[in-house]
Amino acid sequence: MTEQRPVTDTAARPVPTLPDAQTVTAVQHYTDKLFSFRVTRPASLRFRSGEFVMIGLMGDPHPETGKQKPLLRAYSIASPAWDDELEFYSIKVENGPLTSKLQHIQPGDQIILRPKPVGTLVHDALLPGKRLYMFATGTGFAPFASLLREPETYERFEEVIVTHTCRDVAELTYGANLIADLKQDEMMIELLGQDALDKIRYYPTTTREKSDKMGRITTLIENGDLFTDLGVPPLNAQDDRAMVCGSLAFNKDIAALMEAAGLHEGANSEPGEFVIEKAFVG
């Protein structure tokens with residue numbers, strides 16, 4: 001598989017000292033602003049690929065009382081539901097209450113993980129369709145890293161188009177490597193067949209550094225470049241389904257484009273043609 005394997009032995013894991021503690025098993029830094037990490041998975045945790053959980057660390061002691069409170073944020077689970085560990089993909093914010101600390105974790109350290117997964121970027125929230133779009137910016141790629149390694153994705157759709165927009169080329173590394181490795185993953189090929197993984201169409205763009213394709217994905221939808229480049233028809237409610245994960249402004253702009261094309265937003269309680277993740281770090 002594409003995942004990094006644990007670097008600590010199960011029998012040697014430290015006794016949890018934090019509430020809902022899980023142990024960090026691997027960390028990989030991609031740029032000075034992006035990194036991923038893996039942690040042990042609670043035995044009781046069940047989730048659907050694409051969901052998120054609350055994770056964090058203890059905050060600094062109160063200057064007067066010395067008491068500490070947990071710093072928690074919503075993070076999409078980047079590993080699929082069948083994985084025996086949990087993977088996360090994060091930004092680094094120098095003065096961020098949580099990420100300023102989280103970026104320094106090492107294998108063997110512990111994080112807080114509240115085992116109550118929720119989210120709308122799940123297959124259950126979408127109506128059946130022909131083509132699935134995954135629209136991501138920055139670390140919004142995380143839930144798609146989970147869904148791309150979920151066999152159900154390829155059983156439900158004939159084509160999976162993954163767009164990932166970042167400022168610089170290096171910021172595309174996590175997603176590009178994951179997709180490249182996935183298409184050659186022997187276990188996934190044996191399970192699904194090469195034809196299933198060939199359904200993936202990867203469409204990376206940058207907005208600042210020069211690359212093969214530049215521009216915001218919203219612009220490339222509006223001017224038609226996305227569809228011309230991929231040789232597919234414009235968005236339509238009969239065939240197309242979409243999942244969206246990015247900044248609040250990005251989500252709003254994509255939603256407007258989806259609605260203009262006749263697609264309606266779905267939810268777990270009422271599936272539709274597109275869904276948006278509203279709880280997102282980065």
Side-chain angles (χ1 to χ4, degrees), residues 1-3 41 45-53 74-89 115-137 139-164 175 178-179 182-183 185 187-189 191-193 195-203 217 232 235-246 250-251 254-255 257-259 261-280:
M1 292 303 297
T2 58
E3 296 85 349
R41 176 175 178 169
L45 178 62
R46 298 291 181 271
F47 69 94
R48 295 173 296 175
S49 294
E51 290 188 314
F52 67 86
V53 290
Y75 269 75
S76 293
I77 302 172
S79 47
W82 51 262
D83 200 338
D84 58 0
E85 291 187 339
L86 300 177
E87 181 178 325
F88 299 95
Y89 183 43
K116 296 180 180 179
V118 292
T120 55
L121 294 188
V122 293
H123 288 308
D124 293 342
L126 286 179
L127 294 169
K130 175 181 178 181
R131 186 179 298 108
L132 175 63
Y133 284 92
M134 297 178 175
F135 294 110
T137 60
T139 53
F141 188 90
F144 303 140
S146 174
L147 287 157
L148 285 167
R149 290 179 278 188
E150 172 57 61
E152 185 181 355
T153 300
Y154 307 98
E155 296 167 358
R156 290 174 61 107
F157 298 97
E158 298 176 18
E159 193 171 23
V160 180
I161 296 174
V162 186
T163 81
H164 191 198
L178 185 143
I179 290 175
L182 179 61
K183 288 190 172 186
D185 189 289
M187 191 184 87
M188 291 292 282
I189 292 173
L191 179 65
L192 298 171
D195 289 347
L197 297 178
D198 287 343
K199 293 179 180 181
I200 302 172
R201 309 283 302 278
Y202 178 49
Y203 193 82
I217 195 64
V232 297
L235 292 168
N236 70 87
Q238 179 177 343
D239 297 326
D240 295 325
R241 303 294 176 260
M243 293 178 165
V244 185
C245 192
F250 172 75
N251 290 351
I254 286 283
L257 292 171
M258 297 297 107
E259 291 168 355
L263 282 69
H264 299 89
E265 185 173 358
N268 283 286
S269 58
E270 188 176 352
E273 286 87 26
F274 75 95
V275 287
I276 293 177
E277 188 54 82
K278 299 177 176 64
F280 170 60

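All residue numbers refer to positions in the sequence shown, counting from 1. The basis for the numbers below is simple: all heavy atoms, side chains too, and nothing from hydrogens, waters or symmetry mates.
Smallest separation of non-hydrogen atoms from G50 and P143: O-CB, 3.9 Å. Closest of all the heavy-atom pairs between W82 and P151 is NE1-CD, 4.0 Å. P117 and V53 get closest at one heavy-atom pair: CA-CG1, 3.8 Å. Contact between M188 and L197 at its shortest, heavy atoms only, is CB-CD1, 4.0 Å. Closest approach of R241 to P128, counting heavy atoms only: NH2-O, 2.8 Å. The two atoms that bring F52 and G119 nearest to each other are CE2-CA, 3.7 Å, heavy atoms only.
Looking at F274 and D240, their side chains never come closer than 4.5 Å, going by heavy atoms from C-beta outward. At least one side-chain heavy atom of R201 sits less than 4.5 Å from a side-chain heavy atom of I161. Using a 4.5 Å heavy-atom cutoff, the side chains of F141 and L148 are in contact. In this structure, the side chains of C245 and L121 come closer than 4.5 Å at one or more pairs of heavy atoms. Counting only heavy atoms from C-beta outward, the side chains of L86 and L45 approach each other to under 4.5 Å. Under the 4.5 Å side-chain criterion, counting only non-hydrogen atoms from C-beta, I77 is in contact with F88.
Classified by interplanar angle (parallel below 30°, tilted 30° to 60°, perpendicular above 60°), the ring pair F135/Y133 is parallel. Taking the six-membered ring where the residue is Trp, H123 and F157 present tilted rings, their angle falling between 30° and 60°.
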Please report the C-alpha distance between V160 and L147 in whole Å, then the side-chain angles of each, then the deciding distance to 0.1 Å, and finally whether the side-chain contact (heavy atoms from CB on, under 4.5 Å) criterion is met.
-> CA-CA 11 Å; V160 180; L147 287 157; over 6 Å; no
Take T153 and M134, measure what side-chain contact (heavy atoms from CB on, under 4.5 Å) needs, and give me the verdict at the end.
-> CA-CA 11 Å; T153 300; M134 297 178 175; 4.2 Å; yes
Test side-chain contact (heavy atoms from CB on, under 4.5 Å) on I217 and I254 and set out the steps.
-> CA-CA 9 Å; I217 195 64; I254 286 283; 4.2 Å; yes
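In terms of modelled atom types and a separation under 3.5 Å, the side chain of R131 and the main chain of V232 share no donor-acceptor contact. Between the side chain of N251 and the backbone N or O of E277 there is at least one donor-acceptor pair closer than 3.5 Å. Distance alone, capped at 3.5 Å, places no donor-acceptor pair between the D124 side chain and the P271 backbone. At least one donor-acceptor pair under 3.5 Å links the side chain of T120 to the backbone N or O of I276. Between the Y89 side chain and the Y75 main chain, no donor and acceptor come within less than 3.5 Å of each other. In this structure a side-chain-to-backbone donor-acceptor pair under 3.5 Å is missing from R149 to L182.
To the nearest 0.5 angstrom, Y154 atom OH is 13.0 Å from D195 atom CG. Taken from NZ in K183 to CG in D198, the straight-line distance is 6.5 Å, to the nearest 0.5 Å. D185 CG to L178 CG: the interatomic distance, rounded to the nearest 0.5 Å, is 9.5 Å. Here K199 contributes atom NZ and L192 contributes atom CG; the two are 8.5 Å apart, rounded to the nearest 0.5 Å. The distance from atom OG of S146 to atom CD of E87, rounded to the nearest 0.5 Å, is 9.5 Å. Between E273 atom CD and N236 atom CG the span is 10.0 Å, to the nearest 0.5 Å.
Residues R48 and E152 are not paired through a salt bridge, judged by the lack of any N-O separation under 4.0 Å between the basic side chain and the carboxylate.
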